[in-house]
Amino acid sequence: MTLAFHKYQGTGNDFVIVDDRAAQFDNADHARIAQLCHRRFGIGADGLMLLRNREGYDFEMVYFNADGRPSTMCGNGGRCLVAFAKYLGLITDEAYFLAVDGPHAARVEADGTVRLKMIDAAAPQLAEVGQEDVFVHTGSPHHVHFLNAGEGHTLAEFDVYGAGHDIRYDPAYDPAGVNVNFVEVPADPAYPWPVRTYERGVENETLSCGTGVTAVALAASQRGAASPVRLQTPGGLLEVAFQTQPGGGFADVWLSGPAVRVFGGDISL
């Protein structure tokens, strides 16, 4: 038996995508999903997505982390799935789809940029881990740590894996754990904010994280950043626009950036 697949990436955050409108993919086989995402024994990806039919929507997004387990919302994944839906001819420039955290609107711009409407978010909350760190839920849970001069490291030098692993598994975030973002505050808040992210489910740093940069942008608004906020990840530049609400929450949150088809093929199962 073979599986037809497509490989997409959004600022280096890469995904295996399966057109599962016939609902034939066994999404309970977590070991098989993990193998498909494995970078030595499979296709290689940060996650796997199924595109499925869903009444009332253009499609449904079903997402799994690289460990094979179902996960919370993936922003870059959602943008890539929108680009895939356009590739299939299911949409033209606009999409309305269902994900694990609810409905999402999206738009594909003429230059290939995909804009994805994220869920509304509450104001960043002080995290139990780290005195100045904050927690933000943007469809997935995110811990945001702003590096300061006293730590003696630039973001490029920072041990993202070690520090991210410790926070991800801190008892304060039991049992589900948390994604962890490390941010270097720019000299001018209008400059791009450098971000590196340790993702749970991948259990390593990824080149980019859509819900992560969204969390960072909302947290950065408390440090002088104005919408839209540009964010520089190792995999490329993303932008987050939002409206601040009374009480410190956020609405009309949009994540924007590239979403690119890398290749497609068939793999034996």
Side-chain angles (χ1 to χ4, degrees), residues 1 3-20 23-52 60-81 84 99-101 129 135-144 159-182 195-215 233-235 259 262 265 267-269:
M1 179 180 177
L3 174 72
F5 70 90
H6 300 258
K7 179 77 174 284
Y8 273 72
Q9 62 88 9
T11 53
N13 203 188
D14 59 341
F15 309 96
V16 172
I17 301 181
V18 176
D19 178 2
D20 195 38
Q24 295 181 336
F25 188 92
D26 182 5
N27 59 357
D29 191 345
H30 299 160
R32 177 58 53 81
I33 295 169
Q35 183 179 4
L36 290 170
C37 292
H38 199 287
R39 297 192 182 278
R40 296 292 183 270
F41 301 106
I43 301 163
D46 293 327
L48 180 145
M49 289 182 289
L50 307 177
L51 183 148
R52 285 184 162 175
E60 181 180 11
M61 169 186 177
V62 182
Y63 182 75
F64 303 87
N65 275 331
D67 62 4
R69 299 181 180 278
S71 186
T72 48
M73 180 58 183
C74 177
N76 284 333
R79 295 189 310 98
C80 286
L81 200 62
F84 179 57
V100 66
D101 62 340
V129 184
F135 173 83
V136 191
H137 201 291
T138 54
S140 284
H142 283 275
H143 181 107
V144 179
D159 181 10
V160 168
Y161 176 83
H165 181 275
D166 289 347
I167 296 172
R168 182 262 190 264
Y169 285 102
D170 191 282
Y173 288 118
D174 279 347
V178 73
N179 302 287
V180 190
N181 307 272
F182 300 94
V195 181
R196 294 173 65 188
T197 302
Y198 179 101
E199 285 199 57
R200 64 174 186 172
V202 179
E203 304 310 331
N204 208 336
E205 180 179 2
T206 55
L207 293 182
S208 176
C209 176
T211 54
V213 298
T214 302
T233 72
V262 183
I267 188 168
S268 298
L269 297 178

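A quick note: this is a predicted structure, and the numbers were derived from the prediction, not measured.
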Using 0.5 Å steps for rounding, measure from the CE atom of M61 to the CD1 atom of I17. 8.5 Å

Could you state the interatomic distance from SG (C74) to OH (Y63), rounded to the nearest 0.5 Å? 4.0 Å

Exercise: do S208 and N76 side chains pair donor with acceptor under 3.5 Å: yes

Do H137 and D101 come close enough that some side-chain heavy atom pair is under 4.5 Å? no

Find the distance between CZ (F5) and CD1 (I267) and round it off to the nearest 0.5 Å. 6.0 Å

CG on N65 to OG1 on T72, rounded to 0.5 Å: 7.0 Å

Side-chain contact test, heavy atoms from C-beta onward, threshold under 4.5 Å: evaluate it for F25 versus L269 and give yes or no. no

For a quick test of reading the model, state the closest non-hydrogen atom pair linking P234 to V195 and the distance between them. CD-O, 3.3 Å

Taking every non-hydrogen atom, the tightest pair across R52 and V62: CD-CG2, 4.1 Å

Residues two or more places apart in sequence or in another chain: which of them pass side-chain contact (heavy atoms from CB on, under 4.5 Å) with A66? C37, V202

Tell me, do E199 and N13 make a side-chain contact under 4.5 Å, heavy atoms counted? yes

Side chain of K7, backbone of G44: donor and acceptor closer than 3.5 Å? yes

Side-chain contact, heavy-atom cut-off 4.5 Å: Y161 with R196? no

Run the side-chain contact (heavy atoms from CB on, under 4.5 Å) test on T11 and V213 for me, step by step, so that the C-alpha distance in whole Å, both residues' side-chain angles and the decisive distance to 0.1 Å come before the verdict. CA-CA 12 Å; T11 53; V213 298; over 6 Å; no

Using the salt bridge (Lys or Arg N to Asp or Glu O under 4.0 Å) rule, collect all pairs that involve residues 29-49, keeping only residues at least two apart or in two chains. D14-R39, R39-D46

Testing the basics here: between N179 and P141, what is the closest heavy-atom pair and its distance to 0.1 Å? ND2-O, 3.0 Å

Would you say Q35's side chain and I33's backbone share a donor-acceptor pair under 3.5 angstrom? no

Hey, what's the ring geometry for Y173 with H143, parallel, tilted or perpendicular (30° and 60° as the breaks)? perpendicular

Just by distance, with hydrogens left out, do T214 and T138 show a side-chain donor and acceptor under 3.5 Å apart? no

Nearest-0.5 Å distance that lies between atom CD in E60 and atom CG in L81: 10.0 Å

Please find the pair of heavy atoms, one from F182 and one from G164, that lie closest to each other, and give the distance. CZ-N, 3.6 Å

Whether the side chain of Q24 engages the backbone of D26 through a donor-acceptor N/O pair (distance < 3.5 Å, no angle test) should be reported. no

Determine the interplanar angle of the F64 and H30 rings, folded into 0 to 90°, and report it as parallel if under 30°, tilted if 30 to 60°, perpendicular if over 60°. tilted

Can you see which heavy atom on Y8 is nearest to which on F84, and at what distance? OH-CA, 3.5 Å

Quick one: closest heavy-atom pair of R168 and A176, and the distance? NH1-O, 3.6 Å

Are the side chain of D166 and the backbone N or O of D170 linked by a donor-acceptor pair below 3.5 Å? no

Return the CE to OG1 distance between M73 and T211, rounded to the nearest 0.5 Å. 8.0 Å

